[in-house]
Amino acid sequence: MNKRSLSLYTLLAVLFLFGCNQNPKNQETDSPTGFILQDSDLPDFEKDIDHSGLLTALGDRHDESIRTGEHIYNNICFNCHGNSDQEGSIPNALKFWEGTFKVGNDPFSMYQTLTRGYGSMPPQINLTPVEKYDIINYLRETFIQEKNPSQFFEVDSSYLANLPAGTTTGPLPKEFKPWAQMDYGNFLINTYELVGLNPSPRERSSGPSPLPDENLVNANFAYKGIAVRVDQGAGGVAAGKAWMMFDHDLMRVAGAWTGEGFIDWEAILFNGKHNISPRTTGDLHFSNPVGPEWANPATGTFDDPRFIARDKRRFGPLPREWVHYKGLYQYKDRVIISYTVGTAKILETFGLEKFENQSVFTRTLNISPSEKPLKMRVAPSATSVALVGEGAVLNEQAGFFVVEVSSSKPTKIKLLMGKSGMKGLGQYAKTSSPPEDLHLLIKGGPARYPQKLTSEIQQGTQEGPFQVDIMNPPFDSPWKNQFRLSGLDFFKDTNKGVICSTDGDVWLVEGFTKNSGKLTWQRIASGMFQPLGIKIVNEEIFVTCRDQLVKLHDLNGDMETDFYESFNNDHQVTDHFHEFAMGLQTDTEGNFYYAKSARHAREALVPQHGTLIKVSKDGQKTEIVATGFRAANGVCLNPDGTFIVTDQEGHWNPMNRVNWVKKGGFYGNMFGYNPPADSTEAGMEQPLVWIDRERDQSPSELLWVDSKKWGALNGKLLNLSYGYGKVFVVPFEKIGGQVQGGIFELPVPRFSTGVMRGRFNPGDGQLYLCGLSAWGSTQPQLGGLYRIRKVDKPMVIPVGIKATTQGIELNFTDELDERSVGDTAHYTVKTWDLLRSRKYGSKHYNEQTMTVSKAALGKDKKSIKLTIPDIKPTWGMEIQYRIKDGYGKDVSGLVQNTIHQLGESSGW
């Protein structure tokens with residue numbers, strides 16, 4: 001991270017949390033301007049910009065400005081906004097070619113929106129003033145002037161003369177690619193497409209949803225690809241010059257390549273691109289097709305028995321009795337893969353040697369005795385291949401070099417592989433070093449990340465019942481980590497915990513409960529595939545990754561991970577960007593649960609798309625618990641053994657939804673795998689609540705309050721907001737088999753990241769939250785860690801709700817003033833309907849303001865009964881109140897809820 005970005009993140013971490021507590025859809029109540037960032041939040045140079053000079057200079061650098069603006073738009077803005085031919089991924093984002101600007105359509109107003117953010121538009125803190133005016137110039141000339149002329153503002157001398165005067169044009173533009181600068185370690189797991197020099201353009205389908213499948217049957221994807229750097233040098237896999245790719249679905253080496261760049265970084269969690277997976281760059285020395293590399297020991301054939309999707313591609317791992325991936329050892333910069341073929345146990349590592357200034361890639365295999373002979377395809381027969389070692393023979397069969405291994409004793413071999421046409425490799429093999437004993441490298445080695453980093457805890461001093469401490473990670477780490485934090489949990493020593501990041505890391509963090517004012521961060525794992533959940537079970541660490549459920553092992557006591565055990569890798573992975581594996585919980589029997597998202601704007605290809613998944617406590621079995629989710633961000637395990645899974649607004653989801661999940665239930669996404677024939681609401685399970693986008697753009701995980709320090713909230717349900725960086729209380733009721741209720745925003749400042757996961761620390765009884773900003777969040781900071789402390793002050797929070805044939809009953813944490821409660825003018829109740837369809841989201845239909853004919857305080861002085869004569873089931877309801885608490889202090893709030901059924905009144 002460069003210094004400019006670091007200073008902005010540090011500034012925003014403090015000022016945004018303490019000074020910008022606003023709802024972006026309700027600006028008139030939160031901010032006089034409606035901007036997310038205020039003047040005080042901006043760096044000093046923004047207060048002295050020569051806006052007139054920057055606009056005037058566009059004439060002299062017109063072509064360069066348009067090119068730069070187009071590049072920025074396509075790489076940062078297109079995903080959400082789209083263009084006149086292809087809708088963006090967030091249809092509610094402004095369409096410049098036909099929409100109306102909310103802040104102002106002149107260049108300076110557009111600059112303010114880019115700089116400070118507005119509504120769902122996050123501040124573009126990484127763009128310099130020059131870059132912002134370049135993109136404004138591009139938008140004006142490309143979209144607005146020709147296609148939306150009513151929104152085109154004519155710039156003249158009078159306009160320029162009235163712009164704020166300044167003496168600077170801000171920092172010089174500098175390309176910022178944190179994803180390519182990070183040291184991931186010497187391996188990085190992801191989905192990769194292997195291509196050579198000058199590859200054909202990607203096929204990317206477009207049109208109305210669902211988008212048609214591309215023809216990718218001949219593309220060489222490693223869906224669970226372990227990219228390993230094999231040349232020497234610092235900086236990890238991203239800084240390498242030579243790599244090999246191992247596909248742990250198939251136990252195949254997918255290929256090897258060299259070059260000045262590792263991959264093209266085209267992916268949602270790298271450069272932000274949607275609907276794309278990264279490709280290799282450089283010179284592909286050899287590659288193997290997508291299919292089994294080892295013959296089935298039972299049959300001796302390479303026939304692929306795996307699941308065939310609708311687009312004719314095969315997905316998922318091979319049967320366990322054939323091959324099974326056990327995990328990955330690391331020793332210094334070496335990567336050792338552990339797997340089985342039949343009854344044989346195999347260790348494999350990769351290397352690079354030089355022969356007459358040419359690159360020779362190596363595979364070293366240690367193979368235990370096998371009950372049956374083994375046969376492995378090495379590479380197509382055009383590749384140069386040689387074998388070093390005994391107990392195996394190399395020959396050609398059906399267009400491939402094939403190694404055949406005798407089964408009677410342990411075998412150590414080394415394969416040498418070079419480009420087609422390399423001469424003399426067989427002679428070189430005679431002088432190459434013998435194959436290593438890899439068992440010497442799987443007992444743990446010296447620490448790869450010996451530095452322990454520290455960060456300051458910024459104590460919160462907010463008024464009210466909650467104080468928020470900012471516990472930001474050390475953004476200036478020597479490995480240039482982005483710290484997009486995606487999960488946390490605590491050890492029995494509650495001063496210690498683990499935190500994962502979606503960039504592949506796990507951190508051991510100390511200092512939670514000892515109140516030293518500092519946290520210590522130790523990087524203990526790296527290179528994993530988009531971790532989005534973590535759980536400590538019996539002091540052992542488990543991590544949800546997109547390719548597998550990983551168990552981390554420290555073999556030598558330094559806390560660093562020496563063995564990344566593949567605890568379970570049953571689920572199928574495709575190349576689609578959207579199929580994140582989210583959250584991790586365990587039940588009382590020790591079984592694991594996580595949610596797997598579906599494809600965005602596309603129909604599912606594999607059964608696991610859009611599902612809640614159960615993994616047995618021993619990792620041997622996988623079961624789909626429920627289906628029909630679109631983007632299920634995490635799992636909440638309820639006291640009764642059921643689950644709560646959130647889902648996001650999109651196709652077939654008119655708004656965000658919180659689902660109280662039943663086993664075998666279908667939750668509405670008709671683009672899921674094998675959806676029911678009935679696409680109406682009757683064909684799906686109804687959510688606890690439809691969350692309106694004004695309240696939250698993207699709900700994440702829910703959790704139950706488990707702390708006596710939280711008083712009347714203990715045992716209540718909380719919902720975390722990735723979209724807007726908030727925390728909600730979830731009052732609910734159950735009528736028959738249907739759970740229904742709503743959300744109420746906890747009175748804490750809005751966080752500077754989206755909030756992903758939360759855990760109550762049993763040591764101090766407080767709530768710890770971690771979050772990130774990557775896809776679709778309005779928040780400006782990449783990642784953050786926070787603590788919410790409950791202090792001894794009244795909360796006056798609604799924690800119970802009942803919808804009855806007479807009206808609404810709300811139950812609060814604290815006593816209320818009877819006189820203010822009884823005034824019906826203190827309440828506003830609105831309702832609306834939604835339209836669920838294949839289109840993205842829904843506007844409000846049939847909006848109504850309901851009459852509150854009577855309001856009364858319950859005998860416990862904590863309950864309000866609102867009599868609403870016309871009440872009926874509704875998709876959405878909003879209850880606003882302005883009352884006083886038992887001490888006479890003004891209290892206002894808003895509950896947004898859903899009613900499926902009306903129950904009987906409690907009859908006060």
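No side-chain donor-acceptor contact under 3.5 Å links Tyr331 to the backbone of Ile336. Remark: the backbone N or O of Gly517 is not paired with any side-chain donor or acceptor of Lys514 at under 3.5 angstrom. Judged purely by atom type and a 3.5 angstrom limit, Ser700 uses its side chain to pair as donor or acceptor with the backbone of Val755. Looking at Thr813, its side chain does come within 3.5 Å of a backbone N or O of Ile797 through a donor-acceptor pair. At least one donor-acceptor pair under 3.5 Å links the side chain of Thr561 to the backbone N or O of Ile524. A donor-acceptor pair under 3.5 Å is absent between the side-chain atoms of Asp503 and the main chain of Asn481, judged by distance alone. Counting only distance, with no hydrogens or angles, the side chain of Gln781 and the backbone of Gly783 share a donor-acceptor pair below 3.5 Å. Between the Asp587 side chain and the Asn591 main chain, a donor and an acceptor come within less than 3.5 Å of each other. Proximity of a side-chain donor or acceptor of Asn656 to a complementary backbone N or O of Asp696 within less than 3.5 Å is detected. Glu701 places no side-chain N or O within 3.5 Å of a backbone atom of Gly758 that could act as its donor or acceptor partner.
Note that the CD1 atom of Ile457 and the CG atom of Asn515 stand 7.5 Å from one another [nearest 0.5 Å]. Note that CG of Asp554 and CG of Leu508 are 10.0 Å apart. Values are rounded to the nearest 0.5 Å. Rounded to the nearest 0.5 angstrom, Asp792 CG and Lys709 NZ are separated by 12.0 Å. Taking CG of Leu702 as the start and SG of Cys636 as the end, the distance is 5.5 Å to the nearest 0.5 Å.
Taking the side chain as every heavy atom from C-beta outward, Val727 and Ile788 approach each other to under 4.5 Å. In this structure the side chain of Met528 reaches within 4.5 angstrom of the side chain of Val543, judged on heavy atoms. Side chains of Phe483 and Ser501 form no contact here, defined as non-hydrogen atoms less than 4.5 Å apart. Side-chain contact between Asp44 and Asp48 is absent, with no heavy-atom pair separated by less than 4.5 Å. Contact annotation: the side chain of Arg787 never approaches that of Val468 to less than 4.5 Å [non-hydrogen atoms, C-beta and beyond]. Contact check for Val645 versus Asp647: no side-chain heavy atoms found under the 4.5 Å cut-off. Between Val335 and Val228 the shortest side-chain heavy-atom distance falls below 4.5 Å. Residues His553 and Asp562 fail the side-chain proximity criterion, which asks for heavy atoms closer than 4.5 Å.
Between Lys326 and Glu565 there is no salt bridge, since none of the side-chain N atoms of the basic residue sits less than 4.0 Å from a carboxylate O of the acidic one. Between Arg116 and Asp39 there is a salt bridge, since at least one side-chain N of the basic residue sits less than 4.0 Å from a carboxylate O of the acidic one. With respect to the salt-bridge test (charged N to carboxylate O, under 4.0 angstrom), the residues Asp469 and Arg789 qualify. Residues Glu589 and Lys617 are not paired through a salt bridge, judged by the lack of any N-O separation under 4.0 Å between the basic side chain and the carboxylate. Using a 4.0 Å cut-off between charged side-chain N and carboxylate O, Arg695 and Glu745 make no salt bridge.
Considering every non-hydrogen atom in both Met795 and Pro465, the closest pair reads CG-CB, 3.6 Å. Residues Leu720 and Arg757 share a closest heavy-atom pair of CD1-C, 3.6 Å. Ala180 approaches Ala238 most closely through the heavy-atom pair O-CB, 3.7 Å. Residues Gly170 and Phe45 approach most closely at CA-CD1, 4.1 Å, considering heavy atoms. For Asn719 against Val730, the heavy-atom pair with the smallest separation is CB-CG2, 3.7 Å. Residues Ala774 and Leu269 come closest through the heavy atom pair CB-CD2, 3.5 Å.
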Practice task
Show your working on side chain to side chain contact (heavy atoms under 4.5 Å, CB included) between Leu552 and Val506 and close with a plain yes or no.
Solution key: CA-CA 10 Å; Leu552 305 182; Val506 172; 4.1 Å; yes

Exercise for the section: Show your reasoning for whether side chain to side chain contact (heavy atoms under 4.5 Å, CB included) applies to Leu782 and Thr753. Expected result: CA-CA 7 Å; Leu782 280 179; Thr753 67; over 6 Å; no

Practice task
Please assess Asp41 against Gln38 for the test side chain to side chain contact (heavy atoms under 4.5 Å, CB included), listing each intermediate value before the final yes or no.
Solution key: CA-CA 5 Å; Asp41 300 334; Gln38 305 304 305; 3.9 Å; yes

Problem - side chain to side chain contact (heavy atoms under 4.5 Å, CB included) assessment of Leu188 paired with Phe262 - result: CA-CA 11 Å; Leu188 181 61; Phe262 166 44; 4.3 Å; yes

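Note on ring orientation: taking the six-membered ring where Trp is involved, the planes of Trp710 and Phe466 are tilted (angle from 30° to 60°). Ring geometry, Tyr184 versus Trp265: the interplanar angle falls under 30°, so the pair is classed parallel (tilted spans 30 to 60°). In this pair, Phe580 and Trp775 present their aromatic rings parallel. The plane angle is below 30°, not in the 30 to 60° band. Taking the six-membered ring where the residue is Trp, Phe542 and Phe592 present tilted rings, their angle falling between 30° and 60°. Trp507 and Trp521 have perpendicular rings, their planes meeting at more than 60° on a 0 to 90° scale where under 30° would count as parallel.
Within a 6.0 Å sphere centred on CD of Glu539, heavy atoms belonging to other residues, nucleotides or ligands number more than 12. In the displayed structure, Asp640 atom CG is contacted under 6.0 Å by more than 12 heavy atoms of other residues, nucleotides or ligands. Atom CG of Asp618 is surrounded by more than 12 heavy atoms from other residues, nucleotides or ligands within 6.0 Å. Summarising the local packing, NZ of Lys496 is surrounded by 12 or fewer heavy atoms from other residues, nucleotides or ligands at distances under 6.0 Å. The 12-atom threshold is exceeded at NZ of Lys47, counting heavy atoms of other residues, nucleotides or ligands nearer than 6.0 Å.
Looking only at atom types and distance, the side chain of Tyr564 has no donor-acceptor partner in the side chain of Ser338 under 3.5 Å away. Looking at Arg759 and Tyr768, their side chains never bring a donor and an acceptor atom within 3.5 Å of each other. Using modelled atom types, one finds no donor on one side chain facing an acceptor on the other under 3.5 Å when comparing Asn633 with Tyr722. In the model, Ser566 has a side-chain atom that pairs as donor or acceptor with a side-chain atom of Gln548 under 3.5 Å. In this model, no donor atom of one side chain and acceptor atom of the other lie less than 3.5 Å apart for Asn714 and Asp706. Looking only at atom types and distance, the side chain of Thr502 has no donor-acceptor partner in the side chain of Gln530 under 3.5 Å away. In this structure, a donor-acceptor pair under 3.5 Å is absent between the side chains of Trp179 and Asn271. A donor atom on one side chain and an acceptor atom on the other are not found under 3.5 Å apart for Tyr724 and Ser698.
No close placement of the Trp704 and Phe760 rings is indicated, their centers lying 6.0 Å or farther apart. For an aromatic pair to be called close, the ring centres must be under 6.0 Å apart, and Phe512 with Phe490 satisfies this.
Just one of Leu785, Asn472, Leu519, Asp476 meets the side chain to side chain contact (heavy atoms under 4.5 Å, CB included) condition when paired with Ser455; it is Leu519.
Judged by a 6.0 Å distance limit and a 45° cone about the ring axis, Arg523 is positioned over the six-membered ring of Tyr449.
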